[in-house]
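Structure first, then comments.
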Number of protein chains: 2
Amino acid sequence: MAAGIRSIARHLGVSVSTVSAVINGHSYVSPEMRARVEQYLREVDYQPNYLARSLRRRETRMVGLIVPDLANSFYTALSRGAEDFLLARGYRLIVADSREDWKRQKDYLESFCRMMTDGILLVPSSATKAQIDRIPGLVRGRPLVYVDRSPIKSPVDVVLIDNSAASFAATRHLVERGHRRIGIITEPISLLCAADRLEGYQHALKASGIDVDQDLIYIGNNTKESAHEIGQRMLSQKMPPTAAVVCNNIMTLGFLSALRERKVDVPEDFSVIGFDECDWSEHIHPPLTTIRQPAAEMGATSARVLLERMGDKKETPPSTTVLGFDLKVRSSTAVLANCGSISTA
Amino acid sequence: MAAGIRSIARHLGVSVSTVSAVINGHSYVSPEMRARVEQYLREVDYQPNYLARSLRRRETRMVGLIVPDLANSFYTALSRGAEDFLLARGYRLIVADSREDWKRQKDYLESFCRMMTDGILLVPSSATKAQIDRIPGLVRGRPLVYVDRSPIKSPVDVVLIDNSAASFAATRHLVERGHRRIGIITEPISLLCAADRLEGYQHALKASGIDVDQDLIYIGNNTKESAHEIGQRMLSQKMPPTAAVVCNNIMTLGFLSALRERKVDVPEDFSVIGFDECDWSEHIHPPLTTIRQPAAEMGATSARVLLERMGDKKETPPSTTVLGFDLKVRSSTAVLANCGSISTA
DNA sequence: TTGAAAGCGCTAACAT
DNA sequence: ATGTTAGCGCTTTCAA
């Protein structure tokens with residue numbers, strides 16, 4: 001159907017290599033010849049077949065990105081950051097959504113390899129240690145960089161924020177508001193990101209002379225539902241906390257709805273601080289205090305690191321790039337009104 | 001690097017076609033041979049090169065989807081619906097984000113063609129009529145279906161809801177709450193979707209004996225910012241409306257923030273009804289009354305229509321598939337407290 | 001400056 | 001049941 005280089009050459013009475021040369025802007029083609037070919041190329045609106053080109057060139061100029069939840073606007077922002085950076089350098093970005101599912105992630109990793117993407121950006125989904133260790137093998141030597149989350153001790157490049165410090169800041173913010181019983185709702189701690197956040201939280205408590213209470217540490221799975229369930233459970237405890245740091249913005253929504261159901265007012269009765277800035281962060285009730293991660297920058301930076309790795313012949317050892325974060329204080333965190341006791345059903 | 005079919009054949013002392021036959025599950029290979037080959041395939045963890053396979057087979061089993069705003073969860077839901085449907089049928093989905101930008105959309109359309117996707121799902125970005133008319137040409141005969149939005153009178157398959165009826169229902173809901181001055185914040189009316197919504201709105205007003213006031217029709221560009229600016233302008237009018245239907249969920253957020261700035265309380269002073277259900281719809285203040293579109297179903301249905309079109313040799317005329325919607329009433333729409341006058345700065 | 005020809009890794013006739 | 005071979009559409013030596 002679509003005109004190929006061959007038929008074009010035949011039509012023009014020139015060789016395929018000449019046509020190819022003008023398509024690829026090689027300099028030795030005579031101006032007249034170039035004009036004639038270009039003219040015709042435009043006429044038939046020639047579109048190169050990337051399959052053939054990539055097969056021959058042995059590069060696709062595509063990079064794949066896998067995120068655990070594309071419905072989470074943190075990851076769409078990250079994706080746009082990476083896309084813009086790559087587009088400006090002649091690469092296309094293919095994004096895939098693992099939905100926090102190991103199988104899906106594995107399939108995408110495999111697909112990307114089969115599609116011959118030149119490199120892979122991965123926000124690993126939570127998984128078992130054994131699964132996580134399989135990742136480097138799955139990409140079969142292709143350049144890979146972990147973004148936002150990373151395995152504990154990884155043999156590949158990583159780009160993320162200082163999650164420990166971020167969580168420390170969040171927790172300290174709550175302590176400064178007078179809270180002593182502070183909970184944390186975290187992701188499964190199979191990944192460094194979650195482990196660091198937990199660590200920062202514990203560190204902040206200790207630094208303030210508060211004992212870490214294991215009953216105040218809740219593990220969710222990054223869904224609204226799990227956070228909702230955690231909220232229910234939390235409020236049924238004998239001594240519920242008066243504040244919580246929630247490590248994922250989707251979980252924040254689920255947690256807030258549990259509080260609302262139990263008629264626990266935020267921030268009068270309970271303070272909440274979330275991770276990641278969203279479209280709706282300032283629109284929900286009450287406007288949410290959050291730890292803001294530079295999502296777009298994270299995407300762009302990881303793309304840069306990946307491109308560097310791709311162009312690196314001398315096996316430079318894996319790098320770790322740490323980005324900044326900041327605390328955006330809104331209305332969801334406040335000094336407790338009736339210190340110490342909150343109404344639970 | 002990666003083992004190819006050729007080196008595998010050589011290693012096994014068999015021909016490439018035999019290896020190819022077992023890879024593709026052709027039945028005429030003897031059980032022993034099959035076992036031996038499969039065994040080795042597993043051993044080296046053979047991954048077929050999709051570029052080569054697709055080039056040869058002249059099909060990629062990939063379909064491309066372009067949405068205007070991936071940060072809008074309506075479109076991520078749509079995308080997941082399409083992805084699940086396609087995956088189950090052996091197709092992969094590539095999603096791209098045009099960011100409501102014609103140039104980006106055009107580039108992706110072109111990219112998809114060059115990548116030889118077998119079909120394309122398109123939620124067209126708003127654009128000029130001339131641009132929209134170019135779309136069928138850009139895909140160069142590739143199967144295409146418009147999703148959610150479509151050009152007025154399109155020569156290709158379309159899947160959407162009855163936007164006119166949806167907007168009618170939204171407007172009527174407001175009328176039933178006693179509102180007479182009702183505004184509509186819509187997308188650029190270059191596409192049928194927006195035109196229909198405007199039409200449904202006007203129809204509902206007329207059906208209730210209310211004159212359509214051109215000053216109550218606002219055209220935004222699907223960004224928070226544009227809706228915020230519209231909100232400002234609206235509240236500065238001599239006779240502002242007391243309610244509005246907002247045709248896009250991102251614009252709803254921007255519009256609400258304008259109301260908040262002007263200290264106009266929702267729903268006491270002003271009622272708002274939005275389009276599309278989001279994670280945060282029930283979490284914002286106040287919980288939002290919305291028209292719910294079946295996003296995932298829309299994705300799946302459009303994928304089905306596309307596959308049918310792809311497998312259709314006899315040029316069946318373009319179809320239009322209309323999906324249902326419903327009205328989810330929450331707290332953002334109410335009877336006006338102080339009928340008729342609202343406080344504007 | 002242009003052309004001829006050899007593949008990239010795979011599939012699918014077409015032999016055998 | 002297995003092997004030989006001709007491409008898919010392109011890029012890229014290499015020769016002319």
Side-chain angles (χ1 to χ4, degrees), chain A residues 1-38 40-41 44-62 90 110-111 113-118 140 142, chain B residues 1-38 40-41 44-62 90 110-111 113-118 140 142:
Chain A
M1 202 83 297
I5 211 181
R6 185 185 203 86
S7 71
I8 287 175
R10 196 171 333 110
H11 177 98
L12 256 31
V14 302
S15 76
V16 292
S17 48
T18 300
V19 178
S20 176
V22 354
I23 288 169
N24 294 288
H26 294 180
S27 52
Y28 47 74
V29 185
S30 74
E32 311 79 58
M33 176 64 95
R34 150 155 292 125
R36 203 158 76 86
V37 174
E38 275 176 343
Y40 188 67
L41 250 22
V44 300
D45 186 25
Y46 171 75
Q47 301 284 358
N49 181 325
Y50 281 169
L51 296 175
R53 171 182 288 181
S54 297
L55 181 61
R56 179 60 231 236
R57 285 204 184 141
R58 327 209 66 196
E59 87 170 350
T60 53
R61 296 198 80 89
M62 288 189 338
E110 204 176 80
S111 255
C113 290
R114 295 173 166 194
M115 293 167 70
M116 304 286 139
T117 59
D118 295 336
R140 325 186 103 239
R142 235 175 215 77
Chain B
M1 200 85 298
I5 211 181
R6 186 184 201 86
S7 71
I8 288 176
R10 195 169 335 108
H11 177 97
L12 255 32
V14 303
S15 76
V16 291
S17 51
T18 301
V19 178
S20 177
V22 353
I23 288 170
N24 294 288
H26 292 181
S27 52
Y28 48 74
V29 186
S30 75
E32 311 79 59
M33 177 64 95
R34 150 155 292 124
R36 201 158 77 87
V37 174
E38 275 175 343
Y40 187 66
L41 251 23
V44 299
D45 186 24
Y46 170 75
Q47 301 284 358
N49 181 326
Y50 281 170
L51 296 175
R53 171 181 288 181
S54 298
L55 181 61
R56 179 61 232 238
R57 284 203 184 142
R58 330 210 62 194
E59 86 169 350
T60 52
R61 297 198 79 89
M62 288 189 337
E110 203 176 83
S111 255
C113 289
R114 295 173 167 195
M115 293 167 71
M116 303 287 138
T117 59
D118 295 336
R140 327 185 101 240
R142 239 177 211 72

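Proteins come first, then strands; the chains are lettered A, B, ... in the order of their sequence lines, and each starts at number 1.
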Compare side-chain N and O positions of [X] against OP1 and OP2 of [N] and report whether any pair is under 4.0 Å apart.
X       : N      : value
A:Arg57 : D:dT11 : yes
A:Arg53 : D:dT11 : yes
A:Asn49 : D:dC8  : no
B:Ser15 : D:dT4  : no

**Request:** Look at the side chain of B:Thr18 and the base of D:dG3, then say whether one donor and one acceptor between them are separated by less than 3.5 Å.
**Result:**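 By the distance-only test, no, there is no pair.
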**Asked** Is the base of C:dA4 touched by the side chain of A:Ser17 through a donor-acceptor pair closer than 3.5 angstrom?
**Response**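 Indeed, a donor on one side and an acceptor on the other fall under 3.5 Å apart.
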**Request:** List in numerical order all residues of residues 7-14 of chain A for which some heavy atom is under 4.0 Å away from an atom belonging to DNA chain D.
**Result:**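 By residue number: none to list.
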**Prompt:** So which of residues 25-38 of chain B are in contact with DNA chain D, with a heavy-atom cut-off of under 4.0 Å?
**Reply:**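 Output list: B:Tyr28, B:Val29, B:Ser30, B:Met33.
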Mind calculating the distance between [atom1] ([X]) and [atom2] ([N]) to the nearest angstrom?
X        : N      : atom1 : atom2 : value
B:Ile5   : C:dA12 : CD1   : C1'   : 11 Å
A:Leu55  : D:dC10 : CG    : P     : 12 Å
A:Arg56  : C:dA5  : CZ    : P     : 16 Å
A:Arg114 : C:dC10 : CZ    : C1'   : 13 Å
B:Asn24  : C:dC10 : CG    : P     : 11 Å
B:Arg6   : C:dA6  : CZ    : P     : 14 Å
B:Ile23  : C:dT11 : CD1   : C1'   : 10 Å

Among residues at least two apart in sequence or on other chains, which ones pass side chain to side chain donor-acceptor pair (under 3.5 Å) with [X]?
X       : value
A:Thr18 : A:Ser15
A:Ser20 : A:Asn24
A:Ser54 : none

**Request:** Would you check if B:Asp45 and A:Arg140 make a side-chain contact, meaning some heavy-atom pair closer than 4.5 Å?
**Result:**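 Heavy-atom side-chain distance check passes, below 4.5 Å.
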**Asked** Any side-chain heavy atom of B:Arg142 sitting closer than 4.5 Å to one from B:Met116?
**Response**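 A side-chain contact exists here, since the closest heavy-atom pair is under 4.5 Å.
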Sequence neighbours left out, what passes salt bridge (Lys or Arg N to Asp or Glu O under 4.0 Å) with [X]? Give chain and number order.
X       : answer
B:Arg61 : B:Glu59
A:Arg34 : A:Glu38
A:Arg57 : none

**Request:** May I ask you to say what A:Tyr50 touches in the nucleic acid, namely base, sugar-phosphate or nothing, with a heavy-atom cut-off under 4.0 Å?
**Result:**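 Result for A:Tyr50 = nothing.
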Using distance only, find each side-chain donor-acceptor pair of residues 46-53 of chain B under 3.5 Å and give its atom names and separation, not counting sequence neighbours.
residue: B:Gln47; atom: OE1; partner: A:Arg114; partner atom: NE; Å: 2.5
residue: B:Gln47; atom: OE1; partner: A:Arg114; partner atom: NH2; Å: 2.9
residue: B:Asn49; atom: OD1; partner: B:Leu51; partner atom: N; Å: 2.8
residue: B:Asn49; atom: OD1; partner: B:Ala52; partner atom: N; Å: 3.2
residue: B:Tyr50; atom: OH; partner: A:Arg114; partner atom: NH1; Å: 2.9

